[in-house]
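Ligands are counted one by one from 1 in listed order, and the atoms in each one are counted from 1 as well. Note that the coordinates shown come from a computational prediction; the quantities given were computed from them, not determined experimentally.
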Amino acid sequence: MIIEGIVEEIIFRNETNGYTVGRLNTSDGEVTIVGYAAFLKTEEMVQVDGDWIYHNKFGEQFNFTNIKTLVPSTLKGIENYLSAGLIPNIGPKTAKKIVEKFGLESLDVIQYTPEKLKEIPGIGDKKLRKIVEAYDEQRELRDIMVYLQQFEITVNYGTKIYKKYGKDTIKIISENPYRLSEDIFGIGFKTADKIANKMGIENSSPYRLEAGLKFVIMQCAQEGHSYVPKEEFFNKSKHLLGIDEAYLEEALRNLALKNTIYIINDEEEIKVYYAPFHIAENNVAKKIVELSRVDFDELEVDIDKAIHRIEEKDEIIFGQKQKLAIQESIENGMMIITGGPGTGKTTIINAIIDICENLGMKVLLTAPTGRAAKRMSETTGRESKTIHRLLEYSFMESEEMAFNKNEESPLEADVIIVDEASMIDILLMNSMLKAVNPGTRLILVGDVDQLPSVGAGNVLKDIINSGIIKVVMLDEIFRQAEESMIIVNAHRINKGDKPLLNGKDKDFYFISLKSPQEIVSTIIDLIKERLPNFYGVDPIKDIQVLSPMKKGEVGIFSLNRCIQDALNPKAEGIEEKKIGDEIFRVKDKVMQIKNNYSLEWKIICDGDAIETGEGVFNGDFGYITDIDNEEGTVKVLFDDNKCAEYDSKQIDELKLAYATTVHKAQGSEFPVVVMPIYSGPPMLLTRNLLYTAVTRAKQLVVLVGEVRYMDMMIKNNIITRRYSSLDKKIRNFLNVFYS
Ligand SMILES: Nc1ncnc2c1ncn2[C@@H]1O[C@H](COP(=O)(O)OP(=O)(O)OP(=O)(O)O)[C@@H](O)[C@H]1O
């Protein structure tokens, strides 16, 4: 049954899935309508298709399964339609001006004679072009949204899906809804499966099984595994798909035939790999063997003498292992230097640079994250780039990212020094090694006891375990103990000893509290009042709250809300914007949570852009400097002075970052770290997580909670196993090539 009317009122809306209850004024009087229509606005003229139902509490309602917006016919309706924020560049003020000028003709003007819009002050050629494009897109989008809403897809995802598939959206989804889980960031197999189910796609459909298997293998990769043993893989898949193993065998075979998945029959187990990880592991293993076997000509320098020269110049005496690290780095094609904080890694990097540059060698410096690269630049006084920038990433139309530096166009350098190497995952290592020519010395510096990389693989540890690369493990602390309890305690934690707490005038404190409410309120008091008053630090810029968890009272979601309320509350004149469950305000501290290779940025100095570029990366911290609800944009100033503008489709790549997880803080350092210590899942409360958190702080660590949970973390040295066979492959290739 179909009814038409004007929306009088939106009574309720679930912002996440768009479920809406509204009052519709029809020619037969007012009716209550219910259904999925996230776009629905008052004053809109709509046609709904559905059935009457009876609700015990609310009485008779019209439950619609399809809704179509008819072109609004009242002035208010047109204004509401235009100001809904769906057309970038038209916000409430511009909408009002358009309707004042063109009245009931407004939509016709936009569609047929858009040139006339230039009569409105503030609309020039550029803005006009954007409005026209957006208006067309928006009409198409609305139809697609109506289609997607029957599957309970939110507006945000609907927009992303449309951006990816354009006008083919409906065709693609009705043929194979599982493509959504592969193509759309944030849509998983389960959502796609629900849609497929509504469409009546069979449980044993090959589309479903193959998508399910891919989902399982990718989930394993997200947990850090490069491969999964077949038995475990099938158990997980059976659980997800609820289907007999015979079907799985067939689907797995198909995926293997398409080279999407590799099945490797190793002596002890059958390993199932998602193709990119198998390929990356093989390439990395081969390249490492190749780099390690390069024989260099005798150098025109006595390294002992060179080291001595630096000792005199810098007035230090290198420890035995430090000397060895310097020497081996210069004499070998590949080298690993690992050690905890204060063991002299930076000092050694500087010595290596000094000696190599004195020999006329070209040295390149790099690190996996922007913050780590920036720090490397500061401590060496030379340019250091992120690995992505070093490899000259470029962004293609298909949204895929590629590196211009690769085997065809390798990095021109005699020495490449990589800091924070524990953060490099197998895919990034593969990209980097492709661009390193044998004969270039590759020196990986890091702390192997930190949390492993966020991405899959156990790269640094595996290379060390392979036993074929020269490794120096620095274990002597050179920073004075009186100077820093952070360093002393970091090493104690790493060894399994309890840290020394609350020494007078020290930099490592534990505040004992039991309840999560007290923990949270104390953390807020610390960052808002006590630490800024006592240490003169900036509550937003200098203090970082780290938590092992995302959820729960001391998890980052809840902490961010509480800290935002305390440091940057709602206030008149401060613009804010709601995205999903989060509210962003000007001044908020935020983090980019996904690599975006195409987002444009500018570095502005005295009002002029002195540098421009593209790309903002997962883990970059910044501050909101402007929210324009009229244009639907948010501006963020990042730590490295890059200023980027997000449009409404990109904003969900930002999250509040007053508190972040320890994992996200890897590779970053902060003057002050505050961390709640409370109960949580044992797989998160681990020694290397506490160690990583503590080593992020430069001046002060404050732990707040129960000592017994800290003790539990220190005891919990079971590092969850990551399935990876890089170490084995390195040894195998060595045997094959050089036996
Ligand atoms: N052989 C040495 N003799 C005296 N002091 C040293 C020696 N090696 C390093 N140091 C000093 O110890 C401190 C820590 O060294 P460095 O910063 O190089 O360590 P690091 O491993 O890079 O530490 P972090 O990871 O905390 O940055 C510095 O002040 C450095 O000058």
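The side-chain tip of Arg441 points at the ring of Phe296 from less than 6.0 angstrom away and within 45° of straight on. A cation-pi arrangement is absent between Lys434 and Phe403, since the terminal nitrogen or guanidinium carbon is not both under 6.0 Å from the aromatic centre and inside a 45° cone about the axis.
Protein heavy atom nearest atom 26 (O) of ligand 1, with residue, atom name and distance: Gly342 N, 3.3 Å. For atom 25 (O) of ligand 1, the closest non-hydrogen atom on the protein side is Lys345 NZ, 3.1 Å. Distance from atom 31 (O) of ligand 1 to its nearest protein heavy atom, with residue and atom name: Thr347 OG1, 4.2 Å. In terms of protein heavy-atom proximity, atom 19 (O) of ligand 1 is nearest to Gly344 N, 2.9 Å. In terms of protein heavy-atom proximity, atom 8 (N) of ligand 1 is closest to Gln322 NE2, 3.1 Å. Looking only at protein heavy atoms, the nearest one to atom 13 (C) of ligand 1 is Arg479 NE, 3.8 Å. Nearest non-hydrogen protein atom to atom 22 (O) of ligand 1 is Thr346 OG1, 2.5 Å. With hydrogens left out, the protein atom closest to atom 10 (N) of ligand 1 is Phe478 CB, 3.4 Å, a heavy atom.
By the 6.0 Å contact criterion, NZ on Lys728 is enclosed, its count of non-hydrogen atoms from other residues, nucleotides or ligands being greater than 12.
Salt-bridge check for Asp354 with Lys313: passed, with a basic side-chain N closer than 4.0 Å to an acidic carboxylate O.
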ask   = Between Cys643 and Val636, is a side-chain contact (heavy atoms from CB on, under 4.5 Å) present by the stated rule, with each step listed?
value = CA-CA 6 Å; Cys643 182; Val636 177; over 6 Å; no
query = Is there a side-chain contact (heavy atoms from CB on, under 4.5 Å) between Val445 and Val418 once you walk through the steps?
reply = CA-CA 6 Å; Val445 184; Val418 190; over 6 Å; no
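Any N or O atom pair closer than 3.5 Å counts here, and Ile317 shares at least one such pair with ligand 1.
Only side-chain heavy atoms of Lys698 come within less than 4.0 Å of ligand 1; its backbone N, CA, C and O stay farther off.
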